[in-house]
2 protein chains.
Amino acid sequence: MAMNTLPDKTVERLSQYRRNLLICDANGKEHIFSHEIANIHHITPVQVRRDIMLIGYTGTLRKGYNVKELVALIGEILDNPDGQNVAIVGAGNLGRALMKYFTNRREKLSIVAAFDNHTDKIGTSFAGVEVYPIDQLKQIIKDKNISIAIISVPFDEAVNVAALLVEAKIKGILNYSPRPVNVPENIYLEEYDMVTSLEKVAYFAKNKK
Amino acid sequence: MAMNTLPDKTVERLSQYRRNLLICDANGKEHIFSHEIANIHHITPVQVRRDIMLIGYTGTLRKGYNVKELVALIGEILDNPDGQNVAIVGAGNLGRALMKYFTNRREKLSIVAAFDNHTDKIGTSFAGVEVYPIDQLKQIIKDKNISIAIISVPFDEAVNVAALLVEAKIKGILNYSPRPVNVPENIYLEEYDMVTSLEKVAYFAKNKK
DNA sequence: AATTAATTGTTATTTAATAAACAAAGGTAG
DNA sequence: CTACCTTTGTTTATTAAATAACAATTAATT
Ligand SMILES: NC(=O)c1ccc[n+]([C@@H]2O[C@H](COP(=O)([O-])OP(=O)(O)OC[C@H]3O[C@@H](n4cnc5c(N)ncnc54)[C@H](O)[C@@H]3O)[C@@H](O)[C@H]2O)c1
Ligand SMILES: NC(=O)c1ccc[n+]([C@@H]2O[C@H](COP(=O)([O-])OP(=O)(O)OC[C@H]3O[C@@H](n4cnc5c(N)ncnc54)[C@H](O)[C@@H]3O)[C@@H](O)[C@H]2O)c1
């Protein structure tokens, strides 16, 4: 059932489908067609059906997919039944925005700690998330059973922080600093650089119209 | 010369190469090998050479690439010589973090305005960027020659904001809200959803170790 | 001077992602 | 009751991206 090897892009889309399906559900919509989902996300209905096929769900002909059922199944696939705890490293502008934003957004994903190395940040809390000194990282990751970390420190600290996280046996890292970090195979790493996104938009926009 | 159709992924990597090459340059490094660039970014040297080939630059055998020259050429490819002006729509937590972060980071990309619809935001400024009322969007985009917009409003306002931007003849949009928006062909659209990234890390981390 | 090692630039192959094609099911209209 | 339309599920084809293979060049070494 665990569908161990879903393609990268399918996982991304399932997450997006779910968020928008929850809105449909809240609006009282019971069934939805593949082409309706496709329209929301600007993709083809075939893509949607293919993704849904991969997780083994089956819709009803002429009625489409049952919204609640599909949401529940995506949850079974994406979520860890026992939940997963997340830490934010770097309680600066971005880190604090993330704390405020993510809190209480996903039942199975909780931000339970933040870390910083500046005295004016340590001991404060944002959106209920306490900021701990960075030297307690290893201990608190263990104590609070944290398996995922978001890196939001300045670029020249990213590599150091990643090393600490590896040592603390983290399982997944989302790195928002523009400096790529190096981690062993058994840690899942995702890197995203906002400046690159903006430069990409700038490049393609340049050649428009 | 304009290299009109660089692959998507190559554009992303060129932006990342440049940022790290600038650091190398600042450290006094004059030449760099493809495998050194590759190591920084966790990709293969072939990938690096291929990207560089696509922009028509040629390194010297046994010495590698001239850092300054390569930076300059990437600039010629990615940047608009006259610069491009950027607006942020939604001066909330994320919008303000972006203003503080992007300001003075790229010579050819300037954030020159922000827009909001709440009275407590309008008229304030962050990192030198003034926040205007949303109803002045069309006028100011025209006056300030803004070609790119970043959407950072709550999800249920994203579609409205996108419509305003289309009407204002924007050329590129970077949408950070989780709600996909619809724009005509002649506008370049990039969407990024942080919750999806985190859920993806959570999914793949779940099956680790 | 010949040989080896390092490194680039380019072509070919493989792999991953997307899109197209189409059979099957079942409801609707004539 | 039959023909047709809609929509799903799956296979097949196309496209895009990454990787591998390799020829070419030059510096250093024997
Ligand atoms: N702010 C944005 O919108 C934005 C956009 C794109 C990328 N980023 C990236 O995100 C990262 C953070 O950006 P920011 O704007 O929040 O910066 P910031 O300076 O506001 O925050 C960085 C925080 O990290 C803390 N820190 C520094 N070294 C540390 C260490 N070794 N251990 C723990 N904490 C440490 C600092 O005390 C500070 O609180 C940067 O790498 C930046 O490039 C930010
Ligand atoms: N904060 C984060 O770290 C984070 C992370 C992921 C995604 N996002 C997304 O980014 C967006 C903004 O998040 P945020 O945390 O900054 O929210 P926020 O509530 O702090 O800010 C939103 C801002 O948009 C303004 N606004 C609302 N409607 C508007 C309109 N029609 N025109 C102009 N301005 C308008 C509000 O006044 C507010 O200032 C949301 O869609 C959110 O889902 C944020």
Taking only the side-chain heavy atoms of [X] (C-beta and beyond), determine which of [options] contains the nearest atom.
X: B:D8; options: C:dT18, D:dA17, C:dG26; value: D:dA17
X: A:P7; options: D:dA18, C:dT18, C:dA17; value: C:dA17
X: A:R50; options: C:dA19, D:dG9, C:dT28; value: C:dA19
X: A:L61; options: C:dT18, C:dG26, D:dT26; value: C:dG26
X: A:K9; options: D:dA27, D:dA17, C:dT18; value: C:dT18

Can you measure [X] atom [atom1] to [N] atom [atom2] for me and round it to whole angstrom units?
X: A:D51; N: C:dT18; atom1: CG; atom2: P; answer: 8 Å
X: A:R49; N: C:dA21; atom1: CZ; atom2: P; answer: 13 Å
X: A:H35; N: D:dT6; atom1: NE2; atom2: P; answer: 10 Å
X: B:Y57; N: C:dG9; atom1: OH; atom2: P; answer: 9 Å
X: B:F33; N: C:dA5; atom1: CZ; atom2: P; answer: 17 Å
X: B:I37; N: C:dT8; atom1: CD1; atom2: C1'; answer: 12 Å
X: B:H31; N: D:dT26; atom1: NE2; atom2: P; answer: 15 Å
X: A:M53; N: C:dA19; atom1: CE; atom2: P; answer: 15 Å

Go through the side-chain N and O atoms of [X] and [Y] and say whether any donor and acceptor fall under 3.5 Å apart.
X: B:D143; Y: B:Q139; result: yes
X: A:N175; Y: A:Y192; result: no
X: A:T196; Y: B:R19; result: yes
X: A:N93; Y: B:Y101; result: no
X: B:T10; Y: B:R50; result: no

Distance test, side-chain N/O of [X] to OP1/OP2 of [N], below 4.0 Å:
X: A:S34; N: D:dT8; result: yes
X: A:T10; N: C:dA17; result: no
X: A:R13; N: C:dT18; result: yes
X: A:T44; N: C:dA20; result: no

Open item on the list: One pair to check against ring-ring contact (aromatic ring centres under 6.0 Å, His included): A:H31 and A:Y65. What are the steps and the verdict?
Closed with: CA-CA 5 Å; A:H31 289 84; A:Y65 303 96; 9.5 Å; no

Open item on the list: Go nucleotide by nucleotide along DNA chain C from the 5' end; which of A:R62 and B:I32 gets its closest nucleotide reached first?
Closed with: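 In this pair, the answer is B:I32.
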
TODO: Answer yes or no: does atom NZ of A:K142 have more than 12 heavy-atom neighbours from other residues, nucleotides or ligands under 6.0 Å?
DONE: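 Counting other residues, nucleotides and ligands, NZ of A:K142 stays at 12 neighbours or fewer.
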
Task: A:Y176 vs A:D193 side-chain heavy atoms within contact, under 4.5 Å - done: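 No. Closest side-chain heavy atoms not under 4.5 Å.
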
- [ ] Mind running a 4.0 Å heavy-atom check of residues 63-71 of chain A against DNA chain D and sending the residues that fall below it, in number order?
- [x]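 Correct list: A:G64, A:Y65.
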
